[in-house]
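Just below is one structure, and these are the notes that go with it.
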Amino acid sequence: MSEINVQLKNGAQAALPAPVTVAEALKRLDRETAKKALAARVNGREVDLAYTLEPNGDAKIEIEPVLPQTLEGLDVLRHSTAHLLAAALLDLFPGTKLGIGPALLEDPRYGFFYDVIAPRALTEEDLPVIEKRMRDIAKRNLAYRRDEISKAEALRIFDERDEPLKRELIDEKAGEVVSIYYIDGSPFVDFCLGPHVPNTNRLKAFKLLSLSGAYWKGDAANTQMQRIYGTAFFTQEELDAWLKQREEAERRDHRRIGRELDLFSIQESYGQGLVFWHPKGALVRKAMEDYLHEELVRRSYTFVYTPHIARRELWQLSGHEQNYGDSMFAPTKIEETEFRLKPMNCPFHIGIYRSQQRSYRDLPQRYAEMGTVYRAELSGTLHGLLRVRGFTVDDAHLFCTPEQVRREIDDCVDFADQVLRTFGFDKIKYELSVKGSDTSKHYLGSDEDWVKAEAALAEALDARNISYERIEGEAAFYGPKIDFKIEDAIGRLWQLGTVQWDFNLPERFDLEYIGEDGRAHRPVMVHRALFGSIERFFGVLIEQYAGAFPMWLAPVQVAVLPITDRTDEYAEKVGQELRAAGFRVEVNLRSEKIGAKIRDAQLQKIPFMLVVGDREMEADGVAVRERTKGDIGAMSLEEFKRMARELVERRAITNNSLESGV
RNA sequence: GCCGAUGUAGCUCAGGGGUAGAGCGUCUCCUUGGUAAGGAGAAGGUCCUGGGUUCGACUCCCAGCAUCGGCUCCA
């Protein structure tokens with residue numbers, strides 16, 4: 001009988017008689033850890049606790065337990081819970097065909113899912129029933145058991161069970177040795193690498209969340225399956241906390257807040273995905289646009305306005321009809337000429353560029369426009385302000401010489417960074433999408449051009465010490481790009497702005513400039529948007545602040561609240577003075593007690609409330625209440641204006657002001 | 001577009017084959033109150049739309065539309 005030398009990573013070691021399982025070895029090495037472990041890494045490879053260690057000559061075998069409260073542990077736990085879900089489904093609905101059932105760690109909305117084809121359509125009412133069955137199975141302390149069999153044997157098993165989808169996966173993915181998992185005592189068996197928890201009794205805190213459709217292998221051409229989402233944690237407390245946080249996130253939903261604060265609406269009778277900006281939403285938009293405008297001027301952009309519609313031939317020339325036609329509104333005919341609504345602004349800015357001959361001395365040309373575009377998004381994808389059919393892009397197109405482009409990209413990245421931070425988005429994700437090696441995708445432009453363009457984009461990011469993800473094959477066919485994504489309150493990533501290099505349109509439109517050498521050259525064209533869609537940006541902003549906008553963005557910045565109607569007139573005077581000073585003010589003259597007026601203002605998330613009663617009128621001052629801090633004392637109106645102006649000018653995110661200590 | 005759910009007052013929602021309900025909001029009156037809801041009264045409905053079953057449909061059935069949760073798509 002041989003011995004095995006095992007060592008806990010960074011810990012105890014022992015020589016144990018073979019054969020020995022990971023669980024037994026762990027128990028010898030560290031009894032406490034052994035109890036907690038869900039699985040383990042043996043020499044770096046993830047295995048079950050039931051895995052039998054093989055002697056490896058004299059070499060030491062390193063064991064590292066996979067523990068609760070680690071990401072790896074959570075992955076194992078959720079993956080195992082997905083299997084439990086499948087077991088419950090097979091129990092309740094014999095004939096269910098299993099697809100895939102992975103753990104989800106990246107998407108904070110869920111924990112795992114299982115895709116299945118059930119013998120009948122599942123509904124939400126089934127979820128509690130399925131969950132109950134999962135608990136019942138968990139309580140039976142059933143073992144997760146791994147088996148390694150030949151591919152032929154695996155195919156036979158899944159054929160026998162009539163699991164065509166699993167069979168397909170094995171056919172495609174499996175090597176000669178196939179790893180399968182049973183939950184002993186349940187009808188469940190899966191094609192799966194593991195690892196899993198040793199026993200269903202380890203699954204205590206889980207919940208099924210929702211039901212949806214999902215295509216087999218994510219391809220709409222394939223059959224649609226039903227997906228059941230759930231989540232799992234190590235303890236009930238963690239699960240409860242997560243569920244609570246989820247409710248909080250729902251409270252931030254921009255659609256709810258948009259209605260409560262009367263910011264915008266989308267009305268069925270006017271059309272899906274078309275946004276109405278109500279006065280208060282429009283005020284926020286105005287503040288956003290004013291800020292952007294200021295920056296555009298500072299950065300030497302010029303402003304243009306262009307039509308919303310153009311002849312169909314234009315879209316054929318630009319290539320939009322061929323490449324993007326499905327997302328465009330259908331042509332409309334006027335006196336035998338067909339027109340289409342614009343899904344993008346670029347061809348129009350090009351129209352301005354090529355309206356005259358350009359010299360290298362004229363470059364760069366930087367055209368900026370709040371350009372409204374229309375896209376025929378599928379009805380099922382529409383979502384509040386975040387996905388709509390008509391929206392406005394803070395668009396700009398830069399036309400420059402090849403020598404100038406690096407500087408332009410630098411400025412775009414700097415600009416984006418500044419803008420997003422000003423709005424309080426500090427979780428920005430930068431993605432550099434470059435040409436992939438996939439030869440089936442047709443890219444325009446020479447390899448040499450691509451190398452240069454990708455380098456220019458990467459250097460611009462590097463120069464600012466921005467860490468970014470380089471994504472191979474994600475570039476558009478016409479050029480590489482940098483995307484800016486931010487994370488919203490629910491943890492969703494939203495694509496906002498983009499900087500895109502374009503090899504395509506200058507060619508298609510035969511753009512030129514006359515160089516120093518007196519010859520015509522092709523300019524470089526860069527598309528650039530920072531908000532992306534102003535509608536979407538607004539939606540994300542609403543969720544970011546839960547409707548409680550910073551002073552400079554708040555549609556109503558100050559509420560003046562008289563205590564009795566004796567001070568109504570004084571309140572009006574205060575309101576007028578503030579308006580004259582440029583603030584957005586509401587004076588609440590309702591016949592309500594001060595508490596009710598404060599409550600109204602709080603619910604409207606107005607940054608400052610000015611309470612004015614006899615005392616304030618007497619002193620010609622105001623009693624200031626800040627939205628989050630409450631009563632911060634009386635001051636003169638001048639003092640308040642100074643403080644408020646400072647917050648607005650600084651575009652402060654919070655109302656903490658150094659000067660006044662507010 | 002696809003799968004599932006939902007659609008009742010401005011909002012949030014309850015209800016049930018036989019004349020439509022609540023809370024909040026709105027309006028009017030009373031109240032003049034000092035930091036998150038003062039009181040009373042009133043108005044307000046194509047119960048999503050169209051068809052069917054029925055003596056009778058907002059309710060049951062079918063279809064459509066929209067919304068929600070996802071999938072897919074996203075130059």
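Residue numbering restarts at 1 for every chain, and letters A, B, ... go by the order of the sequence lines.
- A distance of about 34 Å separates the C1' atoms of B/C71 and B/G52, rounded to the whole Å.
- The residue A/Arg590 sits close only to the backbone: its heavy atoms come under 4.0 Å of sugar-phosphate atoms, none of a base.
- B/G69 and B/C13 have their P atoms separated by 13 Å, with the value rounded to a whole Å.
- Between B/G18 and B/A57, the distance separating the two C1' atoms is 10 Å to the nearest Å.
- The nucleotide B/A40 finds its pairing partner in B/U28, both defining distances of the Watson-Crick or G-U wobble pair being shorter than 3.5 Å.
- For A/Thr564, no side-chain nitrogen or oxygen approaches OP1 or OP2 of B/G33 to under 4.0 Å.
- Pair assignment for B/G33: none, as no Watson-Crick or G-U wobble contacts are both less than 3.5 Å.
- Atom CD1 in A/Ile471 sits roughly 14 Å away from atom P in B/C74 (whole-Å rounding).
- Residue A/Leu561 is classed as having no contact, given no heavy-atom separation below 4.0 Å to the nucleic acid.
- Remark: C1' of B/G4 and CZ of A/Arg120 are 12 Å apart, rounded to the nearest angstrom.
- The NZ-C1' distance, from A/Lys97 to B/C3, rounds to 19 Å in whole Å.
- Within the structure, every side-chain polar atom (N or O) of A/Gln495 is placed at least 4.0 Å from both OP1 and OP2 of B/C74.
- One can place CG of A/Leu274 at 10 Å from P of B/U67, the figure rounded to the nearest angstrom.
- Under the side-chain contact (heavy atoms from CB on, under 4.5 Å) criterion, A/Leu603 pairs with A/Arg599, not counting sequence neighbours.
- Put simply, NE2 on A/His383 is 16 Å from C1' on B/C73, counting in whole angstrom units.
- Separating the P atom of B/A40 from that of B/C24 is a span of 10 Å, rounded to the nearest Å.
- In this structure, B/G56 forms no base pair with any nucleotide, since neither Watson-Crick nor G-U wobble geometry is met with both distances under 3.5 Å.
- Straight-line distance between the C1' atoms of B/A42 and B/G7: roughly 29 Å, to the nearest whole Å.
- Nearer to the 5' terminus of RNA chain B, by closest-nucleotide assignment, is the contact made by A/Pro562 (compared with the other of A/Pro562 and A/Leu382).
- Rounded to whole angstrom, the span from the CG atom of A/Leu378 across to the C1' atom of B/C3 amounts to 14 Å.
- An OP1 or OP2 oxygen of B/G69 is reached within less than 4.0 angstrom by no side-chain nitrogen or oxygen of A/Arg227.
- The side-chain contact (heavy atoms from CB on, under 4.5 Å) test applied to A/Pro128 returns no partner, not counting sequence neighbours.
- Using cut-offs of 30° and 60° on the angle between ring planes, the pair A/His308 and A/Tyr374 is tilted.
- With sequence neighbours left out, A/Tyr367 forms a ring pair (Phe, Tyr, Trp, His ring centres under 6.0 Å) with A/Phe399.
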Produce a footprint string for nucleotides 35-50 of chain B: one letter per nucleotide, 5' end first; B if the base is under 4.0 Å from any protein heavy atom, S if only the sugar-phosphate is, - if neither.
BBBB------------
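- Computed from coordinates, the A/Asp253 CG to B/G69 P distance equals 7 Å when rounded to whole Å.
- For A/Tyr215 against B/G1, a side-chain N or O and a base N or O form a donor-acceptor pair under 3.5 Å.
- With hydrogens and angles ignored, no donor-acceptor pair closer than 3.5 Å exists between the side chain of A/Arg255 and the base of B/C68.
- When heavy atoms are screened at a 4.0 angstrom cut-off, A/His320 is found touching base atoms of the nucleic acid.
- Across B/U12 and B/U6, the matching C1' atoms stand 15 Å from one another, rounded to whole Å.
- Taking a pair to require two hydrogen-bonding distances under 3.5 Å in either a Watson-Crick or a G-U wobble arrangement, B/A66 pairs with B/U6.
- Checking the phosphate oxygens (OP1, OP2) of B/G4, no side-chain nitrogen or oxygen of A/Gln226 falls inside 4.0 Å.
- Contact check, A/Arg387 against B/U67: no side-chain N or O comes under 4.0 Å of OP1 or OP2.
- Both tests do not hold together for A/Lys485 against A/Tyr430: distance to the six-membered ring centre under 6.0 Å, angle to the ring axis within 45°.
- Note that the OG1 atom of A/Thr567 and the CG atom of A/Leu561 stand 10.0 Å from one another [nearest 0.5 Å].
- Within the 4.0 angstrom heavy-atom criterion, base atoms lie near A/Thr381.
- Nucleotides B/C62 and B/U54 are separated by 16 Å at their C1' atoms, to the nearest Å.
- B/G10 and B/U19 have their P atoms separated by 22 Å, given to the nearest Å.
- Taking the side-chain contact (heavy atoms from CB on, under 4.5 Å) definition, one finds that A/Asn504 meets it with A/Leu444, A/Phe477, A/Tyr478, A/Asp502, A/Arg508, sequence neighbours left out.
- By the 30° and 60° cut-offs, the orientation of the rings of A/Trp501 relative to A/Phe503 is tilted.
- Using cut-offs of 30° and 60° for the angle between ring planes, the A/Phe264 and A/His254 rings count as parallel.
- Atom pair A/Tyr570:OH and B/G34:C1' shows a separation of 15 Å (rounding to whole Å applied).
- Nearest-nucleotide positions on RNA chain B place A/Asp614 closer to the 5' end than the other of A/Asp614 and A/Tyr478.
- For the ring pair (Phe, Tyr, Trp, His ring centres under 6.0 Å) test, residues two or more places apart in sequence or in another chain that qualify with A/Trp277 are A/Phe538.
- Look at B/C71: its Watson-Crick or wobble partner, with both distances under 3.5 angstrom, is B/G1.
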